[in-house]
2 protein chains.
Amino acid sequence: MTVATSLHSASPPPIDGIFRALSDPTRRRVVERLNRSPASVSELAQPFDMALPSFIEHLRVLEGCGLVHSEKAGRVRTYRLAPEPLKLAENWLVEQRALWERRLDQFDDYVLKLKEKDK
Amino acid sequence: MTVATSLHSASPPPIDGIFRALSDPTRRRVVERLNRSPASVSELAQPFDMALPSFIEHLRVLEGCGLVHSEKAGRVRTYRLAPEPLKLAENWLVEQRALWERRLDQFDDYVLKLKEKDK
DNA sequence: CCAATACTAAGGTTTTTACCTAAGTAACAT
DNA sequence: ATGTTACTTAGGTAAAAACCTTAGTATTGG
């Protein structure tokens with residue numbers, strides 16, 4: 001009986017899926033919409049000129065990477081945003097900027113040291 | 001003589017490409033590496049178990065969406081990070097969180113008003 | 001000059017993505 | 001009970017992505 005998550009990270013890191021999901025404008029607009037309030041499939045689909053099954057696939061992608069959750073009551077399925085994965089992506093980006101800025105600081109230091117030497 | 005950028009944003013918004021580029025672990029690792037310092041193609045490729053042409057394609061994707069710049073001197077091409085597109089992606093995410101948090105505040109207000117009514 | 005280095009170009013395969021249409025199924029309203 | 005609504009399933013196409021190998025083309029060091 002083998003476990004799904006092996007030591008060597010068999011499953012692709014979730015951040016892949018999050019960025020992937022956000023790379024599509026339709027899906028970003030859905031996220032933006034759900035930021036206002038939860039909504040049903042048809043409410044979400046309404047602004048888009050797309051066959052419903054195609055649109056639903058986008059919802060599945062969003063749910064697949066954890067960006068949204070849904071539950072069905074009667075015949076309507078309601079989607080709501082799950083903010084944690086957004087946070088994850090944001091954190092990666094913030095981290096990169098932190099590193100970048102630290103590097104600029106190092107460069108400043110370097111320039112400063114050069115000036116010291118000049119004296 | 002028609003112009004490339006029409007009024008109706010013919011070109012897909014660059015943010016698509018940025019998120020798309022970041023959805024690949026190889027490319028994210030390249031960004032992380034370039035955050036330390038500029039580097040040549042072979043330096044960048046070295047940690048990856050991938051045919052060079054395949055790897056170079058990743059670099060092209062990164063450059064295509066503006067995340068990195070490169071220039072060739074002699075036979076070596078040097079890549080450096082361009083932080084602005086990262087900022088763009090970060091801004092979108094930050095904006096979403098801001099909206100989300102504003103919504104939570106509204107909910108708090110709502111709860112507060114309910115309590116008021118109870119009295 | 002000549003070999004090694006550092007990419008680059010060309011072309012091929014497999015998988016994934018983004019769409020579509022047509023045909024379900026389940027809940028609700030009358 | 002029956003039609004309408006709200007999704008869902010199935011299956012099909014076209015283009016893009018992510019790899020590969022093989023064969024270039026410039027530079028550069030000796």
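Protein chains get the first letters and strands the later ones, always in sequence-line order, with residue 1 at the start of each. Keep in mind the model is a prediction, meaning the values are calculated, not measured.
Applying the ring-ring contact (aromatic ring centres under 6.0 Å, His included) definition to pairs two or more places apart or across chains, those involving residues 52-77 of chain B are B:F48-B:F55.
Residue B:L62 contributes atom CG, which lies 11 Å from atom P of D:dA18 at whole-angstrom precision. One can place CD of A:Q46 at 16 Å from C1' of D:dT5, the figure rounded to the nearest angstrom.
The residue among A:G74 and A:T26 whose nearest nucleotide of DNA chain C lies closer to the 5′ end is A:T26.
Taking 4.0 Å as the cut-off between side-chain N and carboxylate O, B:E101 and B:R97 count as a salt-bridged pair.
From the 5' end on, the contacts that DNA chain C makes with chain A at under 4.0 Å to a non-hydrogen atom open and close at C:dT17 to C:dC28.
Under a hydrophobic-cluster definition in which Ile, Leu, Val, Met, Phe, Trp and Tyr are linked whenever side-chain heavy atoms come within less than 4.5 Å, directly or via other members, A:W100 and B:L22 are assigned to the same cluster. In the hydrophobic cluster analysis, where Ile, Leu, Val, Met, Phe, Trp and Tyr join through side-chain heavy atoms closer than 4.5 angstrom, B:V94 is grouped apart from A:I18. In terms of hydrophobic clustering, with Ile, Leu, Val, Met, Phe, Trp and Tyr side chains grouped at heavy-atom distances under 4.5 Å, A:V30 and B:I15 are assigned to a common cluster.
With B:Q96 contributing its side chain and A:L86 its backbone, the two residues share no donor-acceptor pair below 3.5 Å.
Residues satisfying the ring pair (Phe, Tyr, Trp, His ring centres under 6.0 Å) test with B:Y79, not counting sequence neighbours, are none. In this view, B:V61 and B:A21, B:R27, B:E57 satisfy the side-chain contact (heavy atoms from CB on, under 4.5 Å) rule, not counting sequence neighbours.
Annotation for A:P85 and A:G66: closest pair CG-O, 3.2 Å, computed over non-hydrogen atoms. Of all the heavy atoms in A:T78 and A:P38, the pair that sits closest is CG2-CB, 3.9 Å.
Comparing the end axes of the helix from C:dC1-D:dG30 to C:dT30-D:dA1, each fitted to five base pairs by superposing C1' atoms of four pairs onto the next four, gives an inter-axis angle of 20° (nearest 10 degrees).
Proximity of B:H58 to the phosphate of D:dA17: no side-chain N or O atom is located under 4.0 Å from OP1 or OP2.
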For this session: At under 4.0 Å between heavy atoms, which parts of nucleotides 6-14 of chain D does protein reach? Answer with one letter per nucleotide, 5' to 3': B base, S sugar-phosphate only, - none.
Result: SBBB-----
